[in-house]
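These notes concern the structure reproduced below.
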Amino acid sequence: MGTLTGPKQDRSRATRQRLLEAAIGCLGEYGWAGSTVSLVAERAGVSRGAAQHHFPTREDLFTAAVEYVAEERSAALRALVAAAPPVAGPARRHVVVGELVALYTGPLFRAALHLWVAASNDRTQLRARVTALEARVGRETHRMAVELLGADESVPGVRETVQGLLDMARGLGLATLLTDDSARRGRVVEEWVRILEGVLEGGGRSAMDS
């Protein structure tokens, strides 16, 4: 039996990952109402029973899926920025701003938005789970942005400017749900790089003053 433990664990992890990826795809395509455990299981190529073995409830499956993609996206962001110029400056900050915007215009945001809408009308376990998840993801994203931008939040206005950047990225994510906003998005990214340079290098000038 011992020799089967490793392969069994590998298969279990692979099944779990397929389910999470399928759940994200379903949320993006069908929304919360149309995304059932059965549909996710079919898309992942596993039985409904296998899906429920890993995730006993629908809420377990979809909140875990959004958390999974958030963690994967954070890792991808760090990997991409690691290849950017090591010294904080316009080139590095341009990469960081672009990737933070991509964080909110990709499948994570679309899937998370469906969960937010469902949770906003739910007074039970789903609402509590999504609220806690989004609070944690928001704190981690802000912390990561501060680190990657080389920002000193002890300087007046810096924290608000970084948060404004993330709020702007969410707004672009919402716009992308309805139209292809890539052209305008590129111009907005350029402007935010300029704003960040003014704040981070100019002694804490606020975004409102730029």
Side-chain angles (χ1 to χ4, degrees), residues 15-46 51 54-55 57-81 95-122 124-145 148 162-189 192:
T15 297
R16 188 177 190 279
Q17 183 167 336
R18 288 203 307 274
L19 285 165
L20 293 173
E21 292 173 350
I24 289 296
C26 285
L27 275 176
E29 290 183 33
Y30 307 113
W32 171 256
S35 297
T36 64
V37 174
S38 295
L39 182 62
V40 171
E42 180 181 353
R43 187 174 183 135
V46 305
H54 287 275
F55 304 102
T57 70
R58 184 174 181 234
E59 290 79 8
D60 287 333
L61 172 60
F62 287 104
T63 53
V66 174
E67 185 171 16
Y68 164 76
V69 174
E71 292 169 353
E72 289 293 299
R73 197 65 191 83
S74 294
L77 176 61
R78 290 187 178 281
L80 284 168
V81 175
V95 172
V96 172
V97 173
E99 289 304 316
L100 285 170
V101 168
L103 180 69
Y104 288 102
T105 54
L108 166 63
F109 185 83
R110 182 180 292 271
L113 183 61
H114 287 298
L115 271 183
W116 296 348
V117 172
S120 70
N121 297 313
D122 184 283
T124 59
Q125 189 179 42
L126 179 64
R127 186 185 184 105
R129 286 187 174 196
V130 172
T131 299
L133 171 62
E134 289 304 320
R136 185 177 67 77
V137 170
R139 288 192 300 270
E140 169 61 16
T141 303
H142 185 96
R143 185 193 64 76
M144 182 174 60
L148 295 173
V162 173
Q163 189 58 53
L165 166 63
L166 298 178
D167 291 341
M168 175 276 298
R170 290 189 190 94
L172 291 177
L174 284 170
T176 301
L177 291 175
L178 297 176
T179 60
D180 181 1
D181 204 39
S182 54
R184 185 175 72 90
R185 192 189 317 156
R187 295 193 297 272
V188 172
V189 167
W192 267 95

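What you see below is based on every heavy atom in this structure, not just the backbone, and it leaves out hydrogens, waters and symmetry mates. One is the number of the first residue; the rest follow in order along the sequence.
Shown here for Ala118 and Leu126, the closest heavy-atom pair between the two residues is CB-CD2, 4.0 Å. Here the closest non-hydrogen pair linking Gly164 and Trp192 is C-CH2, 3.6 Å. Taking each heavy atom of Leu19 and Ala41 in turn, the nearest pair found is CD2-CA, 4.2 Å. Across Ile24 and Pro107, no two heavy atoms sit closer than the pair CG2-CB, 4.2 Å. Of all heavy-atom pairs between Ala64 and Phe55, the closest is CB-CE2, 3.7 Å. Taking both residues in full, the closest heavy atoms of Val40 and Ala22 are given as O-CB, 3.6 Å, listed atom of the first, atom of the second, then distance.
Here the CG-CZ distance, from Leu174 to Arg110, works out to 10.5 Å after rounding to the nearest 0.5 Å. How far CG of Leu113 is from OH of Tyr104: 13.0 Å, rounded to the nearest 0.5 Å. Separation of atoms CG (Asp60) and NE2 (His54) is listed at 13.0 Å; rounding is to 0.5 Å. Here CH2 of Trp116 is found 15.5 Å from CH2 of Trp32. Values are rounded to the nearest 0.5 Å. Rounding to the nearest 0.5 Å places OG1 of Thr105 at 13.0 Å from CZ of Arg170.
Annotation: side chain of Arg136 is in contact with side chain of Glu67 (closest heavy-atom distance under 4.5 Å). With contacts defined as side-chain heavy-atom distances shorter than 4.5 Å, the pair Arg184/Leu172 qualifies. Side-chain contact check for Phe62 versus Leu115: some heavy-atom pair is nearer than 4.5 Å. Side-chain contact between Val137 and Glu140 is absent, with no heavy-atom pair separated by less than 4.5 Å. Within the 4.5 Å cutoff, no side-chain heavy atoms of Arg139 are placed close to those of His142. The side-chain heavy atoms of Leu20 and Val69, taken from C-beta on, include no pair separated by under 4.5 Å. Counting heavy atoms from C-beta outward, Thr176 and Arg185 have side chains that approach closer than 4.5 Å. Taking 4.5 Å as the limit, some side-chain heavy atom of Val101 sits within range of a side-chain heavy atom of Met168.
Between Arg18 and Glu21 no salt bridge is recorded (no basic side-chain N to carboxylate O distance below 4.0 Å).
A search for side chain to side chain donor-acceptor pair (under 3.5 Å) contacts involving Arg58 returns nothing, not counting sequence neighbours.
A side-chain contact (heavy atoms from CB on, under 4.5 Å) with Thr131 holds for exactly one of Glu134, Arg127, Arg129; it is Arg127.
A ring-ring contact (aromatic ring centres under 6.0 Å, His included) check over residues 166-186, counting only residues at least two apart or in different chains, returns nothing.
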Quick one: do Gln17 and Glu72 satisfy side chain to side chain contact (heavy atoms under 4.5 Å, CB included)? Show the steps, please.
CA-CA 11 Å; Gln17 183 167 336; Glu72 289 293 299; 5.9 Å; no
